Amino acid sequence: MLISLDPELYGIIGLSLKVTLTALFFAALTGIPLGVVLALKRFPGRSILMNIVNSLMSIPPVVVGLVVYILLSNQTGLVGDHRLLFTPTAMIIAQFLLALPLMMGLTSTAILSIDKLVKLTAKSLGATPFQVALKVVSEARFGLYSAMIVVFGRLLSEVGAVMMVGGNIRYMTRVMTTAIALQKGMGEFQTALALGMILLLMAFLINGILEILRNYGRAS
Amino acid sequence: MDILKIENLTKVYNGKTVLDIPKLNIEAGKITAIIGPSGAGKSTLLSLINGIEKPDTGSIFFENEEFSKIKSFSPATIRRMALVFQKPVMFNASVYNNIAYGLKIRKMDKTLIGQKLTDAASFLGLSDLLDQKAITLSGGEAGRVSVARAMVIKPDLLLMDEPTANLDPANVAIIEDMIKKATQIYQTTVVVVTHNMFQAKRLADNIVFMLNGQVVSEGCAFDIFENPLDQRTQAFITGNMIY
Ligand SMILES: Nc1ncnc2c1ncn2[C@@H]1O[C@H](COP(=O)(O)OP(=O)(O)OP(=O)(O)O)[C@@H](O)[C@H]1O
Ligand SMILES: [Mg+2]
């Protein structure tokens, strides 16, 4: 089965990557700036917000899936009439929401781990608050790459949320993890295991690429 | 003329008053050395002048602009100063990019930055290190980079916290020379904290002696060193102070 690598499998792999990488992209786009603000700005309610973010970092994917399901469903949903449920878009939304607090929390941890004197040194040399923030982000860049790797891993291996809002529909919303769950359910352990191996290989390749990017950043 | 006027300035950390200066002026275009024992509040005073820490009461006037608990210096004024910290912190970047930082954030032309960097680096014996990662520098090299990083900006007010603490005699001489040149050529006002009485004598036009957060005596260097009226000041500069 692995050797014959039928087009269906390609489709599943492609969709897995598409959903996860799109969600990761948007989570990084919003979560990194928000995490930076959380780490550097003093504002009322900051510690409460930090607590909330930290708690949401460990929210079970099925719960996120459930919430998105309810929001998107026709009967109860606030945005139900867009017919997004059981589409890849719904899966991306669910994974994005799952990734956002993780991205924010890991970003602010990375930023907070930078010596306070870096911030003060930049400031003392005339940096504006925005330039100070940029400098601190640049100092924390390896931490941010690691954050992306962690979030990517969590999204790629996650099954609860994509199952709930995607529905594991063949040729439509079936991804690696839901396919594995299905094969296992049908007693096809060998296929399930093979799919698991492919999933691992995908993670290995993507992490390799991120690692190269990280080393590239280190060299400069 | 005075570039800085300090009035009723206090700073409290954890309920302890670490700085209490009713009045202190810093003369423009001159080198002022701040001396005093460890914990006297010298670094704290520099952080306040630089606007990095806020005072609890009182004000600092830079020319006529006020800085206090509720008033900040304008960004333009902050950019007229630079501070060399007691502990040199290197950005995780090349030595070149560390020294160029203050110029880059001022959006200075790249070729001009290149020229200034070459000059500053050759002065300070850093030419061969420009491509090295700054976090791998030795203590003395990092110290020189942090001096260079502030001096290339050519600030009107240069604040230095023990800039030569980690350096060998040759490099001490080079940096003292650069400080003198900055005042002579560019009329830079320098406020330098030093534990080295010989350095204070060599460099300073004016001396501020601090003890327990207070300015005990201040005045022109000659008077303070040759004819200190205050007994504690005399004890400190002759190395006979009992703590
Ligand atoms: N952020 C801070 N929090 C609490 N206490 C502080 C802080 N910064 C300084 N202090 C205290 O304020 C006092 C003055 O410190 P400061 O660093 O200004 O001394 P200094 O004169 O520069 O001493 P040294 O010569 O050892 O550098 C010290 O007792 C120090 O412990
Ligand atoms: Mg100090």
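Just so it is clear: chains get the letters A, B, ... in the order the sequence lines come, proteins before strands, and each one is counted from 1. For clarity, every value in this text was computed on a predicted model and none was experimentally measured.
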query: Is there a donor-acceptor pair closer than 3.5 Å between any side-chain N or O of A:E139 and the backbone N or O of B:F91?
result: no
Is it the case that over 12 heavy atoms from other parts of the model lie below 6.0 angstrom from the [atom1] atom of [X]?
{"X": "B:K69", "atom1": "NZ", "result": "no"}
{"X": "B:F61", "atom1": "CZ", "result": "yes"}
{"X": "A:F204", "atom1": "CZ", "result": "no"}
{"X": "B:D131", "atom1": "CG", "result": "no"}
{"X": "B:L112", "atom1": "CG", "result": "yes"}
{"X": "A:K18", "atom1": "NZ", "result": "no"}
{"X": "B:Y13", "atom1": "OH", "result": "yes"}

field: B:R149, part contacting chain A, at a heavy-atom distance under 4.5 Å
entry: both
- prompt: Where does B:I153 contact chain A at under 4.5 Å (heavy atoms): side chain, backbone, both or neither?
  reply: side chain
How long is the span from the [atom1] atom in [X] to the [atom2] atom in [Y], to the nearest 0.5 Å?
{"X": "B:D161", "Y": "A:S124", "atom1": "CG", "atom2": "OG", "answer": "11.0 Å"}
{"X": "A:T121", "Y": "B:F85", "atom1": "OG1", "atom2": "CZ", "answer": "4.5 Å"}
{"X": "A:L117", "Y": "B:Q86", "atom1": "CG", "atom2": "CD", "answer": "10.5 Å"}

message: Apply side-chain contact (heavy atoms from CB on, under 4.5 Å) to residues A:L125 and B:M81 and explain how you reach the verdict.
response: CA-CA 7 Å; A:L125 293 169; B:M81 315 180 213; over 6 Å; no
- prompt: So, do A:T128 and B:R79 sit near enough that their side-chain heavy atoms are less than 4.5 Å apart?
  reply: yes
field: pair A:R141-B:N92: side-chain heavy atoms closer than 4.5 Å
entry: yes
- line: Per-residue tally against chain B (heavy atom, under 4.5 Å) across A:K123, A:Q131, A:K119 peaks at A:Q131
